[in-house]
Each structure stands twice: as C-alpha cells, then as structure tokens.
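In what follows, a single structure is set out as structure tokens and then discussed.
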Protein chains: 2
Amino acid sequence: MGNSHLIEGSSVQSVDRALRILEILAEQGEYGVTEIASELEIHKSTASRLMSALQARGLVEQLSDRGRYRLGMGLVRLAGTVTSSHSAVSGSRTVTRALAQEVGETVNIAVLEGNEVLYVDQVIGPSMVTMRSWLGKSVPPHCTATGKVLSAWLDPESRVAARPHTWAKLTPNTITSVSAYEAELAKVRELGYAVANEEMENDFVAIAAPIRDEHDEVIAALCISGPASRIKSADFETLGHIVKLSATKLSGKPDFGRE
Amino acid sequence: MGNSHLIEGSSVQSVDRALRILEILAEQGEYGVTEIASELEIHKSTASRLMSALQARGLVEQLSDRGRYRLGMGLVRLAGTVTSSHSAVSGSRTVTRALAQEVGETVNIAVLEGNEVLYVDQVIGPSMVTMRSWLGKSVPPHCTATGKVLSAWLDPESRVAARPHTWAKLTPNTITSVSAYEAELAKVRELGYAVANEEMENDFVAIAAPIRDEHDEVIAALCISGPASRIKSADFETLGHIVKLSATKLSGKPDFGRE
DNA sequence: AATGACTGTTGCCCATGACGCAACATTATG
DNA sequence: CATAATGTTGCGTCATGGGCAACAGTCATT
C-alpha cells in the first residue's frame, strides 16, 4: 500500500484514521471534510464516512447541516469516567481540596502522556487571581514542576523518551540543556519534590511531588501553583514537604474499576 | 450480515465497533478483551486488534502487559479542547465565577446529549474553592432544572426524542407523566428559567436558564444548585432572574475554532 | 439573480483490509 | 503440576471499506 502512516502497533486502518481525525480536530478546533481528507491523504468520501461514524457516537458534531466538524461533547462524557477509574485521581478530592485550602493555591494532578505533561484534575484555590483552567491541557516537562516529578523516577531509557522535542526557552529561568536537566532531576529525586520557579512563564511558580501506586511506581504528580508574589523561595522547602505529605496520602492505592 | 448493531448513519463498521468499546469501558471501568468480544459479539482477535488501535492513540491503556484495558488519558486531552472550542463554555469562567460568588452556590453549565443532560463545566461556590466533580456526568432531563431548560425550547419532535426512557420517580416531587412534564416546560418557556425543587434528590434544589447562540438557539443551560435549606421557594423568582441575567451574558457569542 | 467554484454526501463496484479461525505464549487457579 | 483461563499473532477468505464520479446544497463573485 502507498502511504503507510499507521502508527506502531495499530493494526486497524480505518480506526486509526478515525482517531487521527480526532487529534486533528483537537489541534485545529474546526475542520471540514475536504481539509481532513487532504491532511490524511485519503479521499473526501472516506473522510466523510469516518466523520459519520464518529458523529453517530457523539465524538464529533457538525456545526450546521452539511457544515464543518468539531469535537463533540461525547468526549467530555467519556473523559469524565476516565479520572474516576484512575487510582491517582479517584477519591482524591478530599486530599486535593484540603491541600488547596491549606496552602491557598491552585492544586493540580498531572500524568505523563508521551513526552508531555497532561493535567487531569484541578482544584482552583481561594485566591481572586484565577489562573486559566488547565484540565486536558498539556505542557512540556522541562519547565514544569510536574514534568520534573514525572520524569525524575523513570528508568534512563524512558527518561530520554520523555524529554521535550525542543528545549524552548520560555523565561530566563528555563532549563535548556540536557545536563542541567538531568542534574535538576537528580535534585528532585533527592528532595522528593520539584520546584519550577518562573521557568514556564514569568511570575508563575509551582511545586510538585510524586503520587505512587502500590508498586511504588510514580503514576502521577500532585502540584500547587501560584504567583511568585505569594510563593517565595523561602517557602519552597515548607511547601515542598506539605505537597509531599498530601501526595503520600494519595499513593499506594490499588487500581479499581468503577466506584 | 448477521448482527447489525450499527447505529443509524454510522457506515464504517470497525470504527463504530471501536467507539462502542470506548462506551463499554466508560460504563464498566475495566474490561478484558474476551469480555468485550462477547459483548460486541465479535471474535477475540478482532477485539484485540481494535484495542491495539485505540491504545496506539492513547484512548485506552492496559493495566499490565497482556492485561485488562481501561480508558486512557488521551481522552482527557481531547476533551480538554472540546470545552474551549464551544462557545457556551469558552471564556465563561468570569461569568460563572461571578455568579457563584453572588449567590454563594454551585454553578454548572450543561448541554443536551441525546436524552441526557451532560455537565460540561462547574464552579463550586460557598467554599470559594472551585472544583470539578460533575464533569462528564449525565442525568435524566425530567428531574433537573438544566434538563427542563434544554428541552423547553426544542421543537416538538426533538422534545420527544429528548424525553427520558424511564420516568424514574426519584423523590416525591419528581415529575413522572408526559402531560405534567409538558406543562412544566410551558411554564419554563413563559418564565425564562426552570426550577427543580427536590425533584432529583431530597434537599437538592436547582435553578437554570438558557444560554443561546447567535441564532437564539438554546445550546446550553446555566444552573445554580444547593440545599433546600439555603435555596427557599420564596427566593426562586429572584434567583431565577439572576441566573437568567448571567445566562444572557454568555449568550449570542459566535462559534470559534481554536483561540 | 444567475453563474461558478466550492463544499459535504451518496450509490456503485472493485480490491483491499478487516475479520474469524486456530495455534501460540502467558498468567492465574485448582 | 495440570488445567483453564487470558491476550496476541500468522493466515486465508470474504465481507467491507474506500476510491471514483455524479449529486446537492452554500457561498462569493459578477
């Protein structure tokens, strides 16, 4: 066959194409059938039929009849059940909420998805200054406390795979070399928590600690974040230990299906 | 062909099967290949290959090698972009948060998905700590203020389609007849807002108003909810108008793709 | 208004890719 | 240790997905 864009391990062509459509829509927001067809290098009609299949299950919806498509609310419904079946997130509300009130800052839970950090749950702190909602958003690991935590305890091979593609220098403090990054990860392993001090954007500070499963594997990161004016470097150690303690409470829980 | 479980309009068999797998996993939490195969009445090998395709794109993940499957975090990532591209939700935080502070109650945004009400965004009020727990959860329309709002302005045909399958009597106040329900919807159209007074569960009251798009179509519902001890029937009218006002602020915004 | 270029959708028919079979590798269970 | 589960994988066939082209609406230009 001509264009074998098939991802490794994915053996069902039409399904893979349908899922790539979802990814494209996630990036582009809205897209027409023709645009998708040319992107995937398939025929209009094929794309149209794939869209119908996705639409029938509510994963995409078209704006008007015979119009463009975008992702559908069915995805929200599916995603809602994801977090509840994940041990790191399910039943975590008591802990995260208590943490948010204790430190007065926004609390997040994040996992590693490929080489990006994906925020899967969030509690916004009492402050008036609301950061944007991060749920479902992903960021590179090298400039975030969560990214450092999720990378630090990986075996060397996976750690390389989890590195960012490009070491974008987002602020003066951003780490942009492999050696400095590895040194930072070693420090994270030693301390048991990670700090990102204005490394992703100015005036934005975060502190994260690992959530582990029953086998002591790091499966997620618990994170607090806020403006530099409230989270000062003198408080890093105290806050680090508080986050570590909360993360420990969330650790060691076995997986369960639906609860 | 033997078992034509194909949903109306879905013309690609393998894609439809893959999406049904996602729905099954959403219900069951975890499932093995064999269980899925018997559920869909397909062969183990087929199910296994479909799972591989889903896994390659991160929509499902298996717990251990050669183990069971569950929904994956890729769904969270996809769902995260859904709300931001929906006009009713994107940029709504300012309004919802202000409303939550004004009335001191939890604020939700919901949309209609088939014949269920799907909560797509939430701000919890009284504690001044925002969190998302209903996200992705759905409830029947006949016992909720959001459901009434989302049904009230539908054309008669769609209104029938949006009716619940079973009129479960969840509390003494639950509406359980079509005629009473239609009368209630007429009242909602007249008032411009809906009330659910302990109709889903005891001590739980909600008030909702419609969010409209630029063509005045109702695309979502804005809702406040809280215990009956705080939201008394004497306040329904005042609160109804407040919710209506906030909903108007969220209305009329054109769709945009990615912003 | 009428034209033209653009959408997305749909029957048709062929070949391709998805499916069922069965043998395999593993892990749980007695 | 044996038995019975599980999930995975080559293989061959036939259903089925996909390319073609005609169709039907929509928008922009004239």
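Below, chain A is the first sequence line, B the second, and so on; all start at residue 1.
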With a 4.0 Å limit, can you tell me whether [X] has a side-chain N or O closer than that to the phosphate oxygens OP1/OP2 of [N]?
X	N	result
A:Tyr69	C:dT7	no
B:Ser48	D:dT8	yes
A:Arg17	D:dG18	yes
B:Gln13	D:dG17	yes
B:Thr46	C:dG20	yes

Measure from the side-chain N and O atoms of A:Ser251 to the backbone N and O of A:Ala247, and report whether any donor-acceptor pair falls under 3.5 Å. yes
Check whether the side chain of A:Arg49 and the base of C:dG8 form a donor-acceptor pair under 3.5 Å. no
Nearest-angstrom distance from the residue atom [atom1] of [X] to [atom2] of [N]:
X	N	atom1	atom2	result
A:Arg68	C:dG8	CZ	C1'	12 Å
A:Leu40	D:dG19	CG	P	11 Å
B:Ile42	C:dC21	CD1	C1'	15 Å
A:Lys44	C:dG11	NZ	P	16 Å
A:His43	C:dG8	NE2	C1'	12 Å
A:Asp16	D:dG17	CG	C1'	15 Å
B:Asp65	C:dT26	CG	P	10 Å
A:Leu50	C:dG17	CG	P	13 Å

Closer than 4.0 angstrom, basic N to acidic O: yes or no for B:Arg189 and B:Glu184? no
A:Ser14 vs A:Val33, nearer the 5' end of DNA chain C by closest nucleotide: A:Val33
Looking across every strand, which nucleic acid part, if any, lies under 4.0 Å from B:Ser45 by heavy atom: base, sugar-phosphate, or nothing? base
For B:Thr34, report the nucleic acid contact type (base, sugar-phosphate, nothing); a contact means any heavy atom under 4.0 Å. sugar-phosphate
Which residues pass the ring-ring contact (aromatic ring centres under 6.0 Å, His included) test with B:Tyr181, not counting sequence neighbours? B:Trp167
Just wondering, do A:Leu118 and A:Leu112 contact through their side chains at under 4.5 Å, heavy atoms? no
Determine whether A:Val107 and A:Gln122 make a side-chain contact, defined as any pair of heavy atoms from C-beta on separated by less than 4.5 Å. no
